[in-house]
Number of protein chains: 2
Amino acid sequence: MPRGRLTAADVVRAGAELADEVGYQDLAMGALAQRLGVRTPSLYKHVGGLDDLRRRVAVLAVTELGEAVRAAIQGRAGSDALAAFARAFAAYVTAHPGRYAATIGAEVTGPGDELYDASARVLESMAAILRGYGVGDDEMVHAQRTLRCLFHGLAALQAANGFRWTGDTDESFDWMIGFVDRGLRGEKTAVSG
Amino acid sequence: MPRGRLTAADVVRAGAELADEVGYQDLAMGALAQRLGVRTPSLYKHVGGLDDLRRRVAVLAVTELGEAVRAAIQGRAGSDALAAFARAFAAYVTAHPGRYAATIGAEVTGPGDELYDASARVLESMAAILRGYGVGDDEMVHAQRTLRCLFHGLAALQAANGFRWTGDTDESFDWMIGFVDRGLRGEKTAVSG
DNA sequence: GCCATAAAGCTAATCTAATTAGCCGAGCGC
DNA sequence: GCGCTCGGCTAATTAGATTAGCTTTATGGC
């Protein structure tokens, strides 16, 4: 909670915190203004409106997520890197469900778009892992898309339900990592023409 | 568009169509009433409100999806069944992005809940495929969760972006199916203690 | 040191959408 | 034929986002 005057970054950060606390659905201009000790219309001096706020929260989330996974895979390779990536990803989403939810519906246009560029950084970490598995350039995009679906699904279910899976969530998580590892290992010998 | 008086089912069906056409975000009571040739408050005689409508659309979607995938895997097994399941799933989401989007955030409580029961039917189809791969009861729940994440992620990205992946989407899809097949095949020999 | 200015806040007003209250007419069981 | 219930309607309320236009405050030029 900044003491002096607000900046756009302050507003976005507070919005992200609010979304994490009350859920993305309840991220509202009024509640955010209250949290910042300011009247609702004042926020419009910093962000374009609710839609703009949501998008900026999404950008923040993907950027932070990219930093988290990059740090996690530093110095690791193979299934080690894969497991570290997966754990960092899941940990981020668990810690910041509201932020992640903001990214789910966000429109991504193309290069130059902040969200696109931030996503590209996450995909680059993924590509580094895949290269370690011997995935070639020709298959890279398919493998990336597959893993993206898997992790996005994991995150979406986690963000939506708070992951109310009964029993051994950790065990399921380990199983999933093993599954991906097998799928990627098998790939090297099972390339089809 | 029913000529006579409306039923709850009419309203939900029209809501689902509207969501598919204009996007889940723009599913609104006013627009739905207009589509049905009725004033907005009249809808409240059939559904509890917007939240109730959304939930009913989600139930419809998961029910239809369950029927689609069950029909698709009929008489197939192994990677055949897997591919059929995946194609039916993706086809449903492509044809009904708004409906599927309704399911993403929906609250699922437990047995007896319509949405829970409908989801259970989808998971049962998944389990049938996994049994064909030799996945045992002890691992079934983990495998189900993994595939659920993968397909949900696929669907969520599809529903959100309209799947604006460049290039060979079909090829990526085939790669994904191959990946899952490898991950499940490897499983039989790679069971860890 | 003093004013012009722009940024950042505020109040009041507007708009849109959901929802609620309460009235009205048609079909149907008695 | 009478009255009840259902499904529709209009009017009013509420909540929230957004806009308009005023006020204050920090700051740079003189």
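Proteins come first, then strands; the chains are lettered A, B, ... in the order of their sequence lines, and each starts at number 1.
Atom CZ of B/R39 is separated from atom P of C/dC24 by 17 Å (rounded to the nearest Å). If you take CG of B/D10 and C1' of D/dC6, they are 15 Å apart, rounded to a whole angstrom. Per the geometry, CD belonging to A/Q34 stands 17 Å off C1' belonging to C/dG9, to the nearest Å. In this structure, B/L32 places its CG atom 17 Å from C1' of C/dT16, rounding to the nearest Å. Summarising the geometry, the separation between CG on B/L43 and P on D/dC6 is reported as 18 Å, rounded to the nearest angstrom.
When all heavy atoms are compared, the tightest approach of A/R145 to B/M176 is O-CE, 4.5 Å.
Taking A/D51 as the reference, nothing meets the side chain to side chain donor-acceptor pair (under 3.5 Å) condition, with sequence neighbours excluded. A search for side-chain contact (heavy atoms from CB on, under 4.5 Å) contacts involving A/I177 returns A/L82, A/A83, A/A86, A/R87, A/F173, not counting sequence neighbours. Considering only residues two or more places apart in sequence or on other chains, B/F151 meets the ring-ring contact (aromatic ring centres under 6.0 Å, His included) condition with B/F85, B/F89. Residues passing the side chain to side chain donor-acceptor pair (under 3.5 Å) test with B/S119: none are found, sequence neighbours excluded. The side-chain contact (heavy atoms from CB on, under 4.5 Å) search around B/E114 returns B/V59, not counting sequence neighbours.
Listed pair B/H46 / D/dC6 fails the phosphate criterion, with no side-chain N or O lying under 4.0 Å from OP1 or OP2. The shortest distance between the side-chain N/O atoms of A/S42 and the OP1/OP2 oxygens of C/dA8 is not below 4.0 Å.
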(request) If a protein heavy atom is under 4.0 Å from the base, mark B; if only from the sugar-phosphate, S; if neither, -; do that for nucleotides 13-27 of chain D going 5' to 3'. (result) ----SBB--------
